[in-house]
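Since the structure is predicted, the reported quantities are computational estimates derived from the model, not experimental observations. A, B, ... follow the sequence lines: proteins, then strands. Residue 1 opens every chain.
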Amino acid sequence: MTERKVTFMTAINEAMAQSMRKDESVILIGTDVAGGAEVDHLVQDDGRYDDAFGGVFGLSKGLVTEFGRRRVIDTPIAEHGYFSAAVGAAATGLRPIAELMFNDFVGFALDPILNQGAKMRYMFGGKAKIPLTVRTVHGAGAGAAAQHSQTLYGLFGAIPGVKVVVPSNPYDAKGLMLAAIEDDNLVVFSEDKMLYGIKGDVPEDYYTIEIGKANVVREGSDLTIVAIGKMVQVAQEVAERLNPDGVEVEVIDLRTIAPWDQETVIESVKKTGRLIVIDESNPHNNTATDIASVVADKAFDYLDGPIKTVCAPNTPVPFAANLEKAYIPDANKVLHVADEIIEDLKKSHTM
Amino acid sequence: MTERKVTFMTAINEAMAQSMRKDESVILIGTDVAGGAEVDHLVQDDGRYDDAFGGVFGLSKGLVTEFGRRRVIDTPIAEHGYFSAAVGAAATGLRPIAELMFNDFVGFALDPILNQGAKMRYMFGGKAKIPLTVRTVHGAGAGAAAQHSQTLYGLFGAIPGVKVVVPSNPYDAKGLMLAAIEDDNLVVFSEDKMLYGIKGDVPEDYYTIEIGKANVVREGSDLTIVAIGKMVQVAQEVAERLNPDGVEVEVIDLRTIAPWDQETVIESVKKTGRLIVIDESNPHNNTATDIASVVADKAFDYLDGPIKTVCAPNTPVPFAANLEKAYIPDANKVLHVADEIIEDLKKSHTM
Amino acid sequence: MDQQTALWIYQKMNEIRFFEVEVHHIFGKGLIPGFVHLYAGEEAVATGVMALLDDEDYITSTHRGHGHAIAKGCDIKGMMAEIMGKKDGLGGGKGGSMHVADIDRGMLGANGIVGGGFGLAAGAALTIKTLGQSHVAVCFFGDGASNEGTFHEGLNLASILDLPVIFVCENNQFGEGTPFRYASASETVAERAPAYNMPGVRVDGMDVEAVYEATEKAIKRAKAGEGPTLIECDTYRHFGHFEGDEQKYKTDQDPNRDRDPITEFREKATKNKWMTSEQADEIESNAKKTVEDAVAFAEASPLPDESTLYTDIFA
Amino acid sequence: MDQQTALWIYQKMNEIRFFEVEVHHIFGKGLIPGFVHLYAGEEAVATGVMALLDDEDYITSTHRGHGHAIAKGCDIKGMMAEIMGKKDGLGGGKGGSMHVADIDRGMLGANGIVGGGFGLAAGAALTIKTLGQSHVAVCFFGDGASNEGTFHEGLNLASILDLPVIFVCENNQFGEGTPFRYASASETVAERAPAYNMPGVRVDGMDVEAVYEATEKAIKRAKAGEGPTLIECDTYRHFGHFEGDEQKYKTDQDPNRDRDPITEFREKATKNKWMTSEQADEIESNAKKTVEDAVAFAEASPLPDESTLYTDIFA
Ligand SMILES: Cc1ncc(C[n+]2csc(CCOP(=O)(O)OP(=O)(O)O)c2C)c(N)n1
Ligand SMILES: Cc1ncc(C[n+]2csc(CCOP(=O)(O)OP(=O)(O)O)c2C)c(N)n1
Ligand SMILES: [Mg+2]
Ligand SMILES: [Mg+2]
């Protein structure tokens, strides 16, 4: 297979296109996922549509041209309306991908997820399938301020009946997106906007990555760092920086935060005896606390020191560039939070 | 002071009435908080109003009679509308109590809380106050099924800028409600519907209980159980049942889940070395995991065994009576989950 | 209306009524947990609409959903068992009254969320349109629900996409204890239809024929690809908002208070020779029997197996 | 319109325009993080309305909020510093363009949530009504926002409670890249007003006087306790949806494309002797200066102290 580098955005676009080619029941619905509906000059000579936006980040560019407005549906700005339509469509035979432009708008789209899509199968005694993929965007770093920068996948992850995937690189993004669309359940696919531009090897073929499985991206015996999405880069940097001191870090890319891969994490902690979790969410009631809590129960006897969670502070996302930078967990913060652990480890290595 | 037993509901009603008497800017707004708006025969001879509902549980009965329809405002069924109106009113000089009839309806009321009320002060550089109390109702046990029985205070507790109070008894309910109304911030006051009928000593006077402080309701040296709301009863039962074996349980009623009282919990764990948290929320990304995570970090060296969280399972709330009963954490489940801890403790006591 | 339709309607009306009266009694005995909202009094709406639908058509329902479910052809035994939280319930006892559903019959569920159905129905209609089917989706909703933002979003979306959906408002004058005339700035729900560029008609919701005829037109329009219709049916509920409600807000002047859609239809149908008195009597006693059998069935059904607490989360 | 008002309007129009053009340049230089939505082209709306408001009146604004803030009297230096994320910004640099606010001036905030303002404005009006004040609240919103359910809920609530609020729609024909004529089932926003039993008027939003007069009536109505009004202002934005937008959806036929509300007002005001050419010139150069000073001020302002990341959460 020849190597091919594409961006995170392209990888997701490609996954959507491939699944739409494969399965007529896959549709994409959201505000400006094409853009320019009913604008005459956007209809090309061959009758196909040019998109005016192709998603507010340009991620879904080209899809309306290939699949037409019947399957790439621009909506009014009415998140409840089109999210509940997506649930209704999923319950009756379509396999929609619904875009929540920023996860921050969840306040307008929550009921169809929380009370309808996630619960119908259970309430109806197993007699419904909701093959719905919710694409959304999280994360600080773009200067988009308090209402366009939150990290809210933990909120979705708390809801029984919802799977939540958070890819960290282009390869995973494509494979997980294809798996999400294939899944017969409501899957929230949460994209960190700061990853959109990064490039990586992505096979052209159709492939899926199993939802619910973490990825050990670096093996190590001294310390386990579990990281989510963009934070995997931070974990890798921490690992690199500790390497010269002889500290071997195992980095786990969680990939799926609901249900998350307890087996892989616990196995790793049993080996290393140390755990740090990095999660850009605000610090309370999030995936990091969930992981810490499970490990503090099921792997307690293997722990050699406190579990550290490194999260954003308990504040809204500030606008000013310096404050926003201070808000986002980075390697320095991890090293700072973990300094005792690291001192211990260094000591044990020099002994 | 003479003892006076009133129900949990009455205690909250009384708190609202006392604060409304004290402060003209306090209003109550919600669907059917009075009921019967514009129904002629509900206007009494003295011009005052009788309420048709007084809240769907009858909790706010009598308030419209005393304070009139100007301050006890029935709304259309339009949660976003009246919650964002409550935020707007709070930002401009009122001190509203807004009722979300069931916390399950949060999908329609979330944006005014998540993106407006909780963030305005921060986004505006400290130049806003949002003295808003959100009263809502959580909890299973009433056979109200998947969309009327959830326990979602953890979702609110994850939002920076929101305080969340969960009272466990009538005395606390009154004092915490008065504190919530006095507070210049957005406070979610979450009531377990299964507690509504329980009676307890409640002083007639106006008194407040500090938000953010936990209450050690039983002292013990062997095991700390932190419990929330209705679960405090479960913790007490566990403590009673372990007593004959000589196991001394310390029971902490958390009272406030955001910000929760880290000091009290950590002090207790330092003393006992053991922690169980009981929380009726679904198991992921909730207050129980948050507490476990903080303790596994800050009190790690004092822990003598795994931290146990006892929560509802990761399912919607089932309707059938037997399933619902199995869903809710109870003393048996706690004892079962904690059997290893308890065996250890028993052993250490017989040694 | 032809004879067969009239007989079907009369049967379903009676099944609904007996069912609801029975549920009222059983609830009174403490055999049903939770909240129960009875449909008695509003039978003309569900039956008038459903007389024109097939299994392949979809409906979304409300917290007051028993009538819709029965008229849509859901198994009455399974419904009663569901409402009592039994193993043989349509949802294995896991949903209860507010979540009665049967997707195979196009019944997408009663719904505990007021205003939860607008978008769901639009979504079902989107499936119909996208897959080129020739069915319709019907969204039942209350007068109270018409003030939820979801009404606005659902109707607007359905209209701009010309979806084959019919929005049927059951205006029983109250949302819980709050009168429609207080809660809504508009005098009727139907008059809001122009804001969504769709026909809005108001019919006597105690008169099955009126409901039937309005629905017929709406279905024709929907299937012709011309988009949605809003039908407002004036009606009244015989019982309280939920079981236990004191109903202090009801007044003697409430327009439909003393009307019974079932007696009215019996009279009209016999007068018009759609149905003989003997047929009507027989239908009534059959319906009564059907419901009694359902109660017996539900009572005999065991509680669900405790293991089912953990199943049916993911497909 | 009197002279003083005209001069004020012309000043504010120019301040807004220079401000936005300046922000456009600064953004282009990479000095502003995040998303910026410029108001240029729509100046007649903000100024026509705000000419009639005092500090005690409230407004809620949108993501496209600079114009509203300037017209409401927010400090321009503080605004520019805020947009650049500086310490001396109105919000200490913590809010940015989408959250410019000044509660003391009744400016309840730009808002990153489309449709977030309807209820907030109704709430401010509820305060006014409850405390017996004689102010008004104005909610600015876009054509795109009119399809959010929050529009429906906010207008209905305000209407049934007769709140002193004015809903001002800035219909610039697009929500991002989606034409209003596609997204909305109704041809105009104003025609939705009857659904809420309130007057709905549509005015030329490029004509300050038209906006001013409609607002005057609405304020009178609000202060008389007669409730809300919906005013739709037809307008156009000169720049893209946000900075960076290719604007592929705009067409030569867009009605207001070639109009400039500022030139139009200058002509009318000088013709009507509300303002001399000299006054106009002076206002223009003053406005330019004001904005230049603001830029200098903002550039000189330091970044906020890092400790402020943690402050201003709770009062
Ligand atoms: C989102 C939401 N808000 C409030 C409620 C509580 N509630 C249940 S039924 C009801 C009244 C509904 O009135 P209407 O739509 O007229 O239906 P009806 O009960 O009259 O059939 C209310 C307020 C709810 N279930 N869901
Ligand atoms: C709830 C919500 N949905 C979507 C968006 C993304 N968004 C920002 S501005 C905008 C278009 C708004 O259109 P309109 O209301 O007409 O205002 P305009 O930009 O034309 O001034 C959209 C979709 C948002 N910020 N909030
Ligand atoms: Mg009703
Ligand atoms: Mg617009």
Side-chain angles (χ1 to χ4, degrees), chain A residues 24-27 29 37-38 69-71 73-96 98 108-109 111-112 114-132 160-163 183-187 211-212 259, chain C residues 58 60 78 82 87 89-96 98-104 106-113 115-131 133 135 137 139 148-158 160-161 163 304 308 311-315:
Chain A
E24 274 285 326
S25 70
V26 177
I27 62 162
I29 185 165
E38 293 182 10
R69 292 204 173 270
R70 196 177 56 92
R71 293 178 66 198
I73 303 171
D74 279 336
T75 64
I77 313 175
E79 287 79 6
H80 176 91
Y82 74 83
F83 266 87
S84 70
V87 171
T92 54
L94 294 185
R95 199 170 272 282
F108 289 174
D111 191 76
L114 174 70
N115 283 322
Q116 317 295 342
K119 293 187 173 45
M120 280 165 84
R121 184 175 178 79
Y122 191 82
M123 298 188 301
F124 301 174
K127 286 180 201 136
K129 271 195 291 195
I130 312 291
L132 167 63
V162 176
K163 298 184 183 180
D183 201 292
D184 276 339
N185 302 289
L186 201 166
V187 181
I211 293 178
Chain C
Y58 295 106
T60 62
E82 185 61 33
K87 178 184 174 147
L90 285 181
K94 289 162 83 168
M98 274 195 285
H99 309 294
V100 166
D102 190 346
I103 290 206
D104 294 337
M107 163 58 176
L108 299 177
N111 207 319
I113 301 299
F118 299 108
L120 295 177
L126 183 62
T127 298
I128 293 167
K129 191 186 164 193
T130 307
L131 301 183
Q133 302 165 342
H135 317 307
C139 167
E148 285 280 13
T150 58
F151 168 87
H152 186 66
E153 298 191 12
L155 270 69
N156 187 60
L157 185 70
I160 69 158
L161 299 179
L163 298 179
T308 64
T311 59
D312 305 322
I313 310 288
F314 291 119

For the atom pair CG (C/Asp312) and NZ (A/Lys119), what is the distance rounded to the nearest 0.5 Å?
14.5 Å
Heavy-atom cut-off 4.5 Å, strictly under: side chain, backbone, both or neither for A/Ile29 against chain C?
side chain
What part of A/Tyr82 gets within 4.5 angstrom of chain C, counting heavy atoms only: side chain, backbone, both, or neither?
both
Interatomic spacing from CZ in A/Arg69 to CG in C/Leu161 - rounded to 0.5 Å:
11.5 Å
C/Thr60 versus chain A, heavy atoms under 4.5 Å apart: side chain, backbone, both or neither?
neither
How long is the straight-line distance from CD1 of C/Ile313 back to CZ of A/Arg121, given to the nearest 0.5 Å?
9.5 Å
Counting only heavy atoms closer than 4.5 Å, note whether C/Phe314 contacts chain A via side chain, backbone, both or neither.
both
Before you tell me yes or no, could you show the steps for A/His80 and C/Thr150 under side-chain contact (heavy atoms from CB on, under 4.5 Å), namely the whole-Å CA-CA distance, both residues' side-chain angles and the distance that decides it to 0.1 Å?
CA-CA 7 Å; A/His80 176 91; C/Thr150 58; 3.1 Å; yes
Mind checking the CD1-OG1 spacing from C/Ile128 to A/Thr92? Nearest 0.5 Å is all I need.
7.0 Å
Separation between CD1 of C/Ile113 and CG of A/Asp111, rounded to the nearest 0.5 Å:
4.5 Å
Cut-off 4.5 Å, heavy atoms of chain C, and the answer for A/Ile27 is side chain
Contacting moiety of C/Asn111, where chain A heavy atoms sit under 4.5 Å
side chain
State, with a plain yes or no, whether a side-chain heavy atom of C/Leu126 is found less than 4.5 Å away from one of A/Ile73.
yes
Establish, for the pair C/Lys94 and A/Phe124, whether the NZ or CZ atom is under 6.0 angstrom from the six-membered ring centre and no further than 45 degrees off its axis.
no
So which part of A/Glu24 gets closer than 4.5 Å to some heavy atom of chain C, the side chain, the backbone, both or neither?
neither
Which bit of A/Lys163 comes within less than 4.5 Å of chain C, counting heavy atoms only: side chain, backbone, both or neither?
both
